Amino acid sequence: MQERLTVAQTRFLVAQTIAEHAPETKPKPSHQISSLIRDVSATKVEDIQQEQLRDLLAVLEAKAKEIRKKLD
């Protein structure tokens with residue numbers, strides 16, 4: 001299957017593939033995760049272009065799926 005991916009989607013897929021094949025890497029310290037949560041929460045979606053919103057949503061949905069798997 002061949003499809004056109006945005007830069008954000010490509011970066012996410014590369015990071016995901018690396019993470020799957022290198023599970024021995026250390027997780028980020030919690031202060032980085034806390035910062036990420038604050039940044040995402042503070043993001044004003046009104047100021048973001050439609051294509052970027054689609055990219056962000058795709059990445060967040062994929063990451064949420066990955067998080068759910070880890071929590072189960």
Side-chain angles (χ1 to χ4, degrees):
M1 179 203 266
Q2 185 179 15
E3 61 182 278
R4 296 181 58 94
L5 299 175
T6 64
V7 173
Q9 290 169 323
T10 302
R11 286 181 181 152
F12 174 75
L13 290 174
V14 168
Q16 187 177 33
T17 302
I18 290 170
E20 287 173 4
H21 295 285
E24 66 278 350
T25 58
K26 295 189 294 186
K28 290 183 178 180
S30 63
H31 70 277
Q32 288 179 320
I33 300 301
S34 297
S35 176
L36 176 61
I37 292 169
R38 278 193 307 275
D39 289 346
V40 170
S41 297
T43 301
K44 295 183 181 183
V45 295
E46 300 85 26
D47 300 337
I48 303 175
Q49 296 176 352
Q50 291 289 320
E51 184 174 335
Q52 288 180 317
L53 283 174
R54 282 188 211 91
D55 293 345
L56 177 61
L57 182 60
V59 169
L60 290 173
E61 286 175 337
K63 187 54 69 177
K65 184 177 179 181
E66 184 180 334
I67 291 168
R68 283 187 197 99
K69 280 184 182 179
K70 181 148 179 113
L71 291 174
D72 288 342

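Residue numbers start at 1 and run along the sequence shown. Quick caveat, the model's predicted, so the values are computed rather than measured.
Taken from CD1 in Ile33 to OG in Ser30, the straight-line distance is 8.5 Å, to the nearest 0.5 Å. Rounding to the nearest 0.5 angstrom, the gap separating the CG atom in Leu36 from the CZ atom in Arg38 is 10.0 Å.
The side-chain contact (heavy atoms from CB on, under 4.5 Å) search around Leu60 returns Leu56, not counting sequence neighbours.
For the pair Thr17 (side chain) and Leu13 (backbone), a donor-acceptor distance under 3.5 Å is present.
Sorted by first and then second residue, the pairs that involve residues 52-63 and meet side-chain hydrogen bond (donor to acceptor under 3.5 Å, both in side chains), not counting sequence neighbours, are Thr6-Asp55, Lys63-Glu66.
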